[in-house]
Amino acid sequence: MAIILRTNKLLYSIRWQFAVIYLILVGIVFGLVSVAVSSLVEDYLVNQRVSALTKAANSTAVQVAPYLSDDDAGTIYDIVVNNGNDSGGRFLVLNSSGIVVVDSFSDLNGVKLSDREVNDILYGRNSSSYGFHSISDPSGDFWAVYCTSSIVHNGQIIGAVLYSSSIQDVVNATGMLQERTLAIFLLACGIIIIISLFTTNLITKPIKKLTDVAIKISNGDLSQRANIRGKGEVAELAQTFDMMCGRIQNMDQQRSEFVSDASHELKTPLASMKILVESMLYQDNVPEEVYKEFLGDINGEIDRMNSLITDLLLLSKMDSDIVTINLEKVRISSIVNKCVNALEPIARERNIRVRTDLSDDFELECDPLKLRQAINNLIENAIKYTGDGGHVFVTTKHHGGEGAVRIEDNGVGMSPEHLEHIFERFYRVDKARSRETGGTGLGLHIVRRIALMHGGRVDVESQEGKGSVFTLVVPLVQHTEDIL
Ligand SMILES: Nc1ncnc2c1ncn2[C@@H]1O[C@H](COP(=O)(O)OP(=O)(O)OP(=O)(O)O)[C@@H](O)[C@H]1O
Ligand SMILES: [Mg+2]
């Protein structure tokens, strides 16, 4: 239960881990893309503005050049005011010492400027230059660009034009772009969290279902199944899990049937013994012969219980795979002869003739003790279910890598409806008769288990009142994959 609770907790944290991982990944990609896009846009807009201003400064420098050499400040003023009105900026015309000759705002006339952009022209001998400045103004702070251009007359730099213009609109536009990008990013984060929770929920849903089924099964309800269809690792896991549950349920059912059948079978001889013992105990003056008869019956019941317990122990060993198969190469005739010799006295007692034809003798790889037990059970049945004076015929044959032992009798036989059940545990066709003969209904089940252990089978043909033929078929050579 603790493991299951831990699994549920784990699924919950997996869901959030997925969401966070998605978020981090998308955040990194989104951040990089938005920084690249906004800086590209900003560069583009600023470059456009700078090139327009530089062009205006160049053309103004060409226009004012002849008037600067003539010190005609009035005409220069008209030109720069006119150009300044056209482009909406501020023009300053400086002489070669950096002193403002004309300011279109008439503010800095006579002031010496030593900004980098001016020095680039006057001392750096550049034809144009530009730079950005943060301007503090009573109306508010803003960013401006200074573009300078050389004023050339007769091949000499006689001054410079400085054109300044606000680029706050560009700065505002890129700021707005970044704000919008951030808003879109936050929106995208929200959508990603919802989508990732939804998708991880889809992935973890079958695992959750499996966990729920596992809880119910661990609480004892073996009929539960996950029933997850489809493909993929989780579906395959669920299908294998269902198969495993089916097998466990089947085994559990078989186990409980076995226990109830076995208890029932063990109770029957005990009940008989109790009746016999009580009859002797509570009756006065019981003749000695009756005592002897009752004790003989009790002895018979003890034998029956003994053989039942022996068979049950063998089957339980087989079920728990304790029984190992000890392979040896043996001739089939030696096994069959041992069985027939051991059962001959019982057959003789009932005047039943057991004949054999072992002319097709062959060597096979098997566990001799187990194979002997199987053949013994079949011959014993043939004798047991054949009337006095009947006959049993045992033959051997081999063909195509398989060896067969055929046991034929002319006994009571069976009707077809019984044939499919006789290999089941405790199945007996005629319970009363089997009780008389001490049968428990485990013999043929053991025969079939031994045959399967060797990768073989048992076939049966029978006709009621006429007799039966049981054929045990096993491979001559054992392959490990045939052995159960
Ligand atoms: N050769 C046969 N002829 C007729 N009926 C048979 C023959 N062999 C088996 N049967 C029927 O099949 C039933 C099952 O046989 P199985 O050997 O499993 O049990 P059993 O002989 O009753 O008891 P035991 O466990 O002692 O062998 C028998 O009770 C009998 O009714
Ligand atoms: Mg039997």
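When a ligand or atom number is given, it counts from 1 through the structure's own listing order. The chain is numbered in sequence order, starting from 1. Note that the structure is a prediction, hence the values are computed from the model and not measured. What's counted below: heavy atoms across the whole structure, side chains too, no hydrogens, waters or symmetry copies.
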Going by the order shown, which atoms of ligand 1 are within less than 4.0 Å of some heavy atom of [X]?
X    : answer
G443 : 16 (P), 17 (O), 18 (O), 24 (P), 25 (O), 27 (O)
V429 : 11 (C), 29 (O), 31 (O)
R428 : 22 (O), 29 (O)
Y427 : 13 (C), 14 (C)

How long is the span from the [atom1] atom in [X] to the [atom2] atom in [Y], to the nearest 0.5 Å?
X    : Y    : atom1 : atom2 : result
I407 : E380 : CD1   : CD    : 12.0 Å
Q478 : K329 : CD    : NZ    : 11.0 Å
R425 : L442 : CZ    : CG    : 8.5 Å

(Q) Using side chain to side chain donor-acceptor pair (under 3.5 Å), reason through S34 and T181 one step at a time and then give a plain yes or no. (A) CA-CA 7 Å; S34 64; T181 314; 5.4 Å; no
Is the closest N or O pair between [X] and ligand 1 shorter than 3.5 Å?
X    : result
T440 : yes
Y385 : yes
V412 : no
G413 : no

Pair [X] + [Y]: basic N to acidic O under 4.0 Å:
X    : Y    : answer
E408 : R406 : yes
D212 : K209 : no
E288 : K292 : yes
D357 : R355 : no
D120 : R116 : yes

(Q) For the aromatic rings, using the six-membered ring if either is Trp, is the centroid distance between Y427 and H421 under 6.0 Å? (A)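 Ring-ring flag for Y427/H421: true, centres closer than 6.0 Å.
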Q. Can you list the steps and then say if S333 with D361 is a side chain to side chain donor-acceptor pair (under 3.5 Å)?
A. CA-CA 6 Å; S333 56; D361 194 7; 2.7 Å; yes
(Q) Parallel, tilted or perpendicular, judged at 30° and 60°: which one describes the rings of F185 and F30? (A)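 Answer is tilted, since the angle falls between 30° and 60°.
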Q: Specify side chain, backbone, both or neither for D409, according to which of its non-hydrogen atoms lie closer than 4.0 Å to ligand 1.
A: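 Looking at D409 and ligand 1, just side chain atoms fall under 4.0 Å.
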Q. Under 4.0 Å from ligand 1, counting heavy atoms only, is it the side chain of K384, its backbone, both or neither?
A.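 Contact part for K384 vs ligand 1: side chain (C-beta onward).
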Q: Determine which pairs satisfy salt bridge (Lys or Arg N to Asp or Glu O under 4.0 Å) with at least one residue from residues 386-400, sequence neighbours left out, and list them in order.
A: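 Residue pairs passing salt bridge (Lys or Arg N to Asp or Glu O under 4.0 Å), neighbours aside: R350-D388.
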Test item, [X] contacting ligand 1 (heavy atom, 4.0 angstrom):
X    : value
F470 : yes
I422 : yes
S468 : yes

(Q) No waters, cut-off 2.8 Å: how many protein N, O or S atoms are close to the Mg ion (ligand 2)? (A)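 For the Mg ion (ligand 2), the figure is 1.
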Q: For atom 9 (C) of ligand 1, state which one of N381, I383, N377 supplies the nearest heavy atom.
A: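 Among N381, I383, N377, the closest heavy atom to atom 9 (C) of ligand 1 belongs to N381.
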Q) Considering A382, G441, G467, S462, which one's heavy-atom position lies nearest to atom 19 (O) of ligand 1? A)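 It is G441 that holds the nearest heavy atom.
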